[in-house]
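A short write-up of the structure that comes next.
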Amino acid sequence: MSDPVGKLPSELDQLPDRDTEETAEWAASLDAVAQAAGTRRAEYLLRRTLQHAEAAGLALPKLLETDYVNTIPTAAEPEFPGDEAMEAKITAWNRWNAAAMVTRGSKYGVGGHIATFASAAWLYETGFQHFFRGKETDGSGDQLYIQGHASPGIYARAFLDGRISEQQLDNFRQESGGNGLPSYPHPRRLPWLWEFPTVSMGLGPLSAIYQARFNRYLQNRNIKDTANSHVWAFLGDGEMDEPESTAALALASREQLDNLTFVINCNLQRLDGPVRANFRVVQELEAQFRGAGWNVIKTLWGSAWDELFQLDTTGALVRRLREVPDAQFQTYATRDVAYIRQHFFGVNAELVQLAGVLSDAKIAECFHTSRGGHEPRKVYAAYKAALEHKGAPTVILAQTVKGYTLGAGFESKNANHQMKKLTIDEFKSMRDKLGLPIPDSAFEGGQVPYGHPGANSPEVQYLNERRAALGGPAPARKVHHVALPAPADRSFAPLIKGSGKQEMATTMAFVRLVKDLMRDKETGKRWVPIVPDEARTFGMESLFPSAGIYSPLGQTYEPVDRDQLMYYKEAKDGQILNEGITEAGAMADFIAACTSYATHGEPMIPFYIFYSMFGWQRTADQMWQLADQLGKGFIVGATAGRTTLTGEGLQHADGHSHLIASTNPASLNYDPAFAYEIAVIVKDGLRRMYGETPEDVFYYLTVYNEPKVQPAMPEGVEEGILKGLYRFNQACDLENAPAADSPKIQLMASGTAIHWILEAQALLAAEWNVAADVWSATSWGELRRDALECDEALLRGEVRTPYVTRALEGAAGPVLAVSDWMRQVPDQISQWVEQDYTSLGTDGFGLSDTREGARRHFGVDARSIVVAALAQLARRGEVPASSVKEARERYGL
């Protein structure tokens with residue numbers, strides 16, 4: 001008999017059954033349970049059977065959701081090793097000072113967040129007291145990604161241990177006068193404390209995964225023993241809505257990163273209200289992480305719930321918890337017991353019976369405050385289980401009350417994220433709840449006081465003893481500077497001498513240079529090539545067999561091209577990070593490598609090469625994160641410019657990345673025209689970032705896929721290359737040079753546009769008797785940076801002339817700047833050019849065409865440049881206006 005219309009065969013229909021009788025018996029048993037004890041009992045047995053099978057390692061699909069209860073029952077919790085009463089006192093002081101700091105700052109209008117740390121305090125304190133390794137022992141310690149909105153609590157703890165003063169607490173979010181504290185974890189602003197920027201939200205979890213992965217990379221390449229380093233990422237449940245938060249979950253499980261733990265503070269609230277008003281975010285996250293292969297630990301209910309679960313002999317309570325949406329549960333946390341009895345327990349007879357034996361005090365405790373994330377024993381049990389789990393990363397879903405201990409005016413309120421202060425009466429109530437010895441007299445004058453038990457108090461002694469046992473203060477950022485020796489000049493020599501008659505694109509020139517640098521005996525192993533599945537596009541496949549592509553599994557298969565010279569080679573100690581189609585993932589890799597000098601005391605030299613269109617445009621937020629984290633390395637925008645990538649069209653044609661890059665103060669942006677310029681820039685970049693006096697900068701280089709003959713480097717141009725401008729040649733040096741009294745113009749270009757102005761220079765001389773000098777503008781951005789510094793110096797009474805002004809001093813005629821970028825890119829320097837200045841560029845959307853067709857479309861080809869040059873000279877009266885019309889007609893414009 002055929003299947004009904006629309007019904008697909010079951011997967012089981014495809015599998016042979018070697019014992020149909022046994023299978024039938026199992027099915028009959030399940031039917032019998034359902035008939036005798038009800039479908040709920042049958043469902044329970046199936047769930048328990050699947051959980052048992054999973055624990056036994058049977059290859060069955062996992063349950064994506066488990067019951068809405070703690071993963072670790074109270075009876076299974078390990079013995080708590082600390083002094084719980086002492087740790088409660090320490091946590092109380094930190095809660096108080098975090099709230100006081102933000103409240104005191106509110107009178108200046110600088111804001112701050114109170115409720116996040118209030119809910120997460122025990123999640124941090126348990127880690128600081130028992131788990132987080134510091135940096136004062138062997139190894140690198142743990143890497144802590146602190147939730148940005150919880151920063152007041154971290155400052156409060158640093159105040160307690162003596163690393164931050166009361167004056168600094170009062171300067172929270174007031175940095176301009178010095179001795180202040182930044183709003184969130186910003187290493188660039190407070191480099192001795194913060195390691196990892198975690199705001200913008202979503203970038204922290206992504207970076208944490210790739211940091212854990214890079215730790216393994218260093219281990220497998222025998223550069224640093226990171227076996228004892230664990231990455232902890234503290235996140236909000238609302239933050240998990242950011243796509244970057246979950247973008248790399250599969251990578252973490254695929255590579256078995258059991259050196260990574262996510263701790264998600266599930267207080268059920270985001271900035272405006274409930275995270276999942278009509279749903280249950282904990283269950284959603286559990287399914288998402290379990291489906292991705294993570295170990296999931298739910299720490300939801302406090303010990304007050306134990307009595308309720310013991311009384312739940314029918315499973316009615318567990319079923320009810322599974323069906324109540326988050327927004328309703330938040331309402332329970334703010335309503336009286338009568339409301340809870342009616343709306344939670346009153347839905348069926350089983351729950352009414354259960355509630356009948358519960359006191360009002362018990363119900364209030366359970367629904368108002370008793371959450372797993374507020375009890376150190378339960379948090380300790382979860383952290384210990386996470387560290388002991390092997391073969392997969394762990395996520396801990398810890399439920400808390402947002403605004404916990406801040407009083408009824410804060411707890412579980414939708415608006416508590418925007419609430420910046422407590423009243424004096426609310427502070428006194430909080431003091432009493434926390435049991436802090438702060439007298440009423442301390443509030444005189446209406447100012448809430450900071451609290452400290454004293455440097456020699458039992459609390460501070462206990463805190464310091466615990467941190468000493470774990471390897472020193474945390475969080476902490478320490479830099480042990482290791483200067484890298486400069487590579488031998490022979491690596492740069494081929495680019496310096498040019499390519500002879502052979503054509504070579506600047507993309508290939510860069511790849512050849514790095515390939516030679518990776519052979520350097522001193523520093524070669526420190527290069528980290530990073531590419532998002534485009535290595536062949538950039539001519540990097542020659543690195544595959546020599547450097548290897550990193551894989552923690554090595555190569556478990558025979559590659560299809562094994563008999564070829566440049567075969568696809570994966571290796572456990574591979575050097576290349578080929579990330580697949582994920583610019584965000586590749587950028588997270590780059591950040592981890594760029595900051596290894598601080599995180600691990602091992603300077604690495606990463607270069608991340610990508611389609612230039614898909615760098616700054618797609619991941620500029622991460623590049624800002626890179627700058628905040630004081631990263632060092634080379635990012636390379638290949639196939640650069642709006643007209644060089646033939647045929648690809650609008651979404652691939654980059655004409656604006658240099659404009660976006662110019663907004664990042666740490667980025668040194670270069671658009672080299674020739675191979676020798678790349679050699680000079682990279683050599684100086686290695687000195688500036690990895691030499692004796694390293695700078696906290698990174699480099700952005702744009703390179704092109706257009707093959708051209710690469711000239712040898714002229715003498716004396718190194719300074720101009722690095723500063724951003726030098727004269728490449730003069731009209732008087734041409735074979736058929738114009739007369740000495742002919743009209744003069746200065747043609748300036750960056751990148752591949754240098755070839756267009758060289759052609760225009762020849763046409764102007766041969767056909768129009770115009771003498772044009774050619775300038776290579778290697779960096780519009782560095783020219784502007786220097787000029788801005790001169791302007792700033794003038795405000796201090798120091799007179800300095802910008803380099804671009806000095807370089808063009810005495811140059812005859814107007815200046816015409818040309819690039820394969822929007823005109824705003826070269827126009828960055830216009831106000832410091834004393835000559836008449838105009839520009840040509842590729843404004844607008846890219847389009848699919850040949851290079852010649854695209855350049856004619858944008859008016860940047862050689863003939864368009866000639867017409868623009870003649871127009872400039874005509875405005876000055878140096879050539880007849882008729883020459884412009886004649887040129888347009890001659891060149892078909």
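What you see is a predicted model, and the numbers here were worked out from it, not measured in a lab.
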- Test V514 against F607 for side chain to side chain contact (heavy atoms under 4.5 Å, CB included), laying out the working first. CA-CA 9 Å; V514 172; F607 78 90; 3.1 Å; yes

- Could you give me the CA-CA distance, side-chain angles and deciding distance for V636 and Y699, then say whether side chain to side chain contact (heavy atoms under 4.5 Å, CB included) is met? CA-CA 8 Å; V636 182; Y699 278 67; over 6 Å; no

- Message: Checking I829 against Y837 for the side chain to side chain contact (heavy atoms under 4.5 Å, CB included) test, could you report, in this order, the C-alpha distance in whole Å, the side-chain angles of both residues, the deciding distance, and whether it holds?
- Response: CA-CA 10 Å; I829 66 169; Y837 185 94; 3.7 Å; yes

- Message: Using side-chain hydrogen bond (donor to acceptor under 3.5 Å, both in side chains), reason through E677 and S776 one step at a time and then give a plain yes or no.
- Response: CA-CA 10 Å; E677 294 176 352; S776 178; 2.7 Å; yes

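Electrostatic pairing of E889 and K885 counts as a salt bridge here, judged by a charged N lying under 4.0 Å from a carboxylate O. Taking 4.0 Å as the cut-off between side-chain N and carboxylate O, K744 and E878 do not count as a salt-bridged pair. The pair E541-R536 does not meet the salt-bridge criterion, since no charged nitrogen lies less than 4.0 angstrom from a carboxylate oxygen. By the 4.0 Å N-to-carboxylate-O rule, D489 lies close enough to K683 to be salt-bridged with it. A salt bridge does not link R855 to E852: none of the charged nitrogens lies less than 4.0 Å from a carboxylate oxygen.
The distance between the ring centers of F510 and F538 does not fall below 6.0 angstrom. Checked against a 6.0 Å centroid threshold, the rings of W616 and Y700 count as neighbours.
At least one donor-acceptor pair closer than 3.5 Å links the side chain of D628 to the backbone N or O of R188. T595 contributes a side-chain N or O that, together with a main-chain N or O of I591, makes up a donor-acceptor pair within less than 3.5 Å. Side chain of T506 to backbone of V703: no donor-acceptor contact under 3.5 angstrom is found. Looking at R687, its side chain never comes within 3.5 Å of a backbone N or O of A486 through a donor-acceptor pair. Of the possible donor and acceptor atoms, one in the side chain of R784 sits under 3.5 Å from a partner among the backbone N and O of Q828. Looking at Q622, its side chain does come within 3.5 Å of a backbone N or O of A584 through a donor-acceptor pair. In this structure a side-chain-to-backbone donor-acceptor pair under 3.5 Å is present from Y690 to M604. A donor-acceptor pair is defined here as one N or O able to donate and one able to accept, closer than 3.5 Å; such a pair exists between the side chain of Q746 and the backbone of A812. In this structure a side-chain-to-backbone donor-acceptor pair under 3.5 Å is present from S499 to Q710. S883 places no side-chain N or O within donor-acceptor distance of the main-chain N or O of V879, the cut-off being under 3.5 Å.
A distance of 11.0 Å separates OG1 of T778 from NZ of K723, quoted to the nearest 0.5 Å. Taken to the nearest 0.5 Å, the CD atom of E583 stands 9.5 Å off from the CG atom of D533. The NE2 atom of H186 sits 12.5 Å away from the CD atom of Q629 when rounded to the nearest 0.5 Å. One distance of note links CD of E695 with CZ of R688; it measures 4.0 Å at 0.5 Å rounding.
Checked against W821 for a side chain to side chain donor-acceptor pair (under 3.5 Å), the options T842, D671, D654 give a single hit: D671.
At least one cation-pi condition fails for K632 and F698: the charged atom is not both under 6.0 angstrom from the six-membered ring centre and inside a 45 degree cone around its axis. Remark: R618 is positioned above the aromatic ring of F614, its terminal NZ or CZ atom under 6.0 angstrom from the ring centre and at most 45 degrees off the axis.
Within a 6.0 Å radius of OH in Y567, more than 12 heavy atoms belonging to other residues, nucleotides or ligands are found. E809 CD: 12 or fewer foreign heavy atoms inside a 6.0 Å radius. Taking a 6.0 Å sphere around CZ of R851, one finds it holds more than 12 heavy atoms contributed by other residues, nucleotides or ligands.
Between D827 and S830, the side chains place no donor N or O within less than 3.5 Å of an acceptor N or O (distance only, hydrogens not considered). If you check the side chains of T752 and D820, you find no donor sitting under 3.5 Å from an acceptor.
Using cut-offs of 30° and 60° for the angle between ring planes, the F634 and W527 rings count as parallel.
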